[in-house]
Amino acid sequence: MKAFLLKNDKNMIYFQNYERISAEEELIKLQSILKEENISIGKKHETPVDDLYDCEIDGKPFTIVRTEEEAFLYAESTDTIEKLLKIFE
């Protein structure tokens, strides 16, 4: 999975979906990669517009967000974002 940041949004990691897989398949792939790195993935929290998974990397929180069209990562800390980006290099 190729990860990228938007120029004006350094708190979210997006993924290019070259294979045109569904958001659910993208989520499964993303979770699998994170689990291989021993990252804890919490329970799913459903909202009217998306599903949220609370996660941690090295004790730092971040969230997997799955919408109808895509899955992406969100973290308040740019240090956490940098750690996550290294996984997808």
Side-chain angles (χ1 to χ4, degrees):
M1 296 181 77
K2 182 165 171 68
F4 67 95
L5 299 175
L6 295 178
K7 186 176 182 179
N8 295 323
D9 188 357
K10 303 298 182 196
N11 294 93
M12 294 185 199
I13 299 174
Y14 296 95
F15 301 93
Q16 292 183 341
N17 188 354
Y18 293 116
E19 300 167 9
R20 299 278 186 192
I21 59 176
S22 70
E24 186 63 30
E25 290 174 289
E26 190 176 30
L27 172 66
I28 291 167
K29 194 173 183 179
L30 178 58
Q31 289 176 323
S32 175
I33 291 167
L34 293 172
K35 285 178 185 175
E36 286 176 13
E37 297 291 325
N38 296 316
I39 293 172
S40 85
I41 299 174
K43 288 186 176 182
K44 175 169 78 170
H45 304 280
E46 295 182 22
T47 74
V49 293
D50 49 31
D51 297 333
L52 308 173
Y53 297 81
D54 296 326
C55 305
E56 282 189 6
I57 181 171
D58 298 334
K60 307 279 186 177
F62 71 96
T63 304
I64 299 172
V65 181
R66 187 195 67 84
T67 67
E68 285 186 25
E69 298 188 11
E70 66 182 337
F72 59 91
L73 304 177
Y74 171 81
E76 288 286 325
S77 166
T78 54
D79 290 341
T80 303
I81 291 292
E82 291 300 321
K83 285 182 185 182
L84 290 166
L85 279 172
K86 288 180 183 177
I87 293 170
F88 297 98
E89 288 181 338

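By convention here, the first residue in the shown sequence is residue 1.
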Can you see which heavy atom on [X] is nearest to which on [Y], and at what distance?
{"X": "A23", "Y": "A71", "answer": "O-CB, 4.5 Å"}
{"X": "I64", "Y": "Q31", "answer": "CD1-CG, 4.1 Å"}
{"X": "M12", "Y": "F72", "answer": "SD-CE1, 3.6 Å"}
{"X": "A75", "Y": "P61", "answer": "CB-O, 4.1 Å"}

I'd like to know if D50 and R66 make a salt bridge, using a cut-off of under 4.0 Å between side-chain N and carboxylate O.
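No.
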
_Carboxylate-amine/guanidinium proximity below 4.0 Å for D79 and K60_ =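 Salt bridge between D79 and K60, a charged N being under 4.0 Å from a carboxylate O: no.
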
Look at the side-chain heavy atoms of Ile, Leu, Val, Met, Phe, Trp and Tyr, link any pair under 4.5 Å apart, and say whether [X] and [Y] land in one connected group.
{"X": "I57", "Y": "L27", "value": "yes"}
{"X": "Y14", "Y": "L84", "value": "no"}
{"X": "Y53", "Y": "L30", "value": "yes"}
{"X": "L85", "Y": "Y74", "value": "no"}
{"X": "I13", "Y": "I87", "value": "yes"}

Exercise. Yes or no on ring pair (Phe, Tyr, Trp, His ring centres under 6.0 Å) for F4 and F15, after CA distance, side-chain angles and deciding distance?
Worked result: CA-CA 6 Å; F4 67 95; F15 301 93; 8.0 Å; no

Practice prompt. Under the side-chain contact (heavy atoms from CB on, under 4.5 Å) rule, what do T63 and D54 come out as? Steps first, then yes or no, please.
Written response: CA-CA 5 Å; T63 304; D54 296 326; 4.0 Å; yes

Within-4.5 Å side-chain heavy-atom neighbours: L5 and I81: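 Yes, side chains in contact.
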
Next on the checklist: Do L52 and K44 have side chains that approach each other closer than 4.5 Å (heavy atoms only, starting at C-beta)?
Outcome noted: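 Heavy-atom side-chain distance check fails, nothing below 4.5 Å.
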
With a cut-off of 6.0 Å (strictly less than), are more than 12 heavy atoms of other residues, nucleotides or ligands near CD of E69?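 Counting other residues, nucleotides and ligands, CD of E69 stays at 12 neighbours or fewer.
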
Name every donor-acceptor pair, under 3.5 Å, that has one atom in a side chain of residues 35-43 and the other anywhere in the protein, sequence neighbours excluded.
none

Quick check: does any side chain N or O of N11 sit under 3.5 Å from a backbone N or O of E76, one acting as donor and the other as acceptor?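 Indeed, once roles are kept as given, a pair shorter than 3.5 Å links the two residues.
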
- Which residues share a side chain to side chain donor-acceptor pair (under 3.5 Å) with E25, sequence neighbours left out: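 For E25 the side chain to side chain donor-acceptor pair (under 3.5 Å) partners, ignoring immediate neighbours, are S22.
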
task: Measure the spacing between CG of L73 and CZ of F62 and express it to the nearest 0.5 Å.
output: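 Reported to 0.5 Å precision, the distance equals 6.0 Å.
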
Can you measure from CZ (R20) to CD (E26) and round to the nearest 0.5 angstrom?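 R20 atom CZ to E26 atom CD measures 11.0 Å (nearest 0.5 Å).
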
Take E89 and K2, measure what salt bridge (Lys or Arg N to Asp or Glu O under 4.0 Å) needs, and give me the verdict at the end. CA-CA 7 Å; E89 288 181 338; K2 182 165 171 68; over 6 Å; no

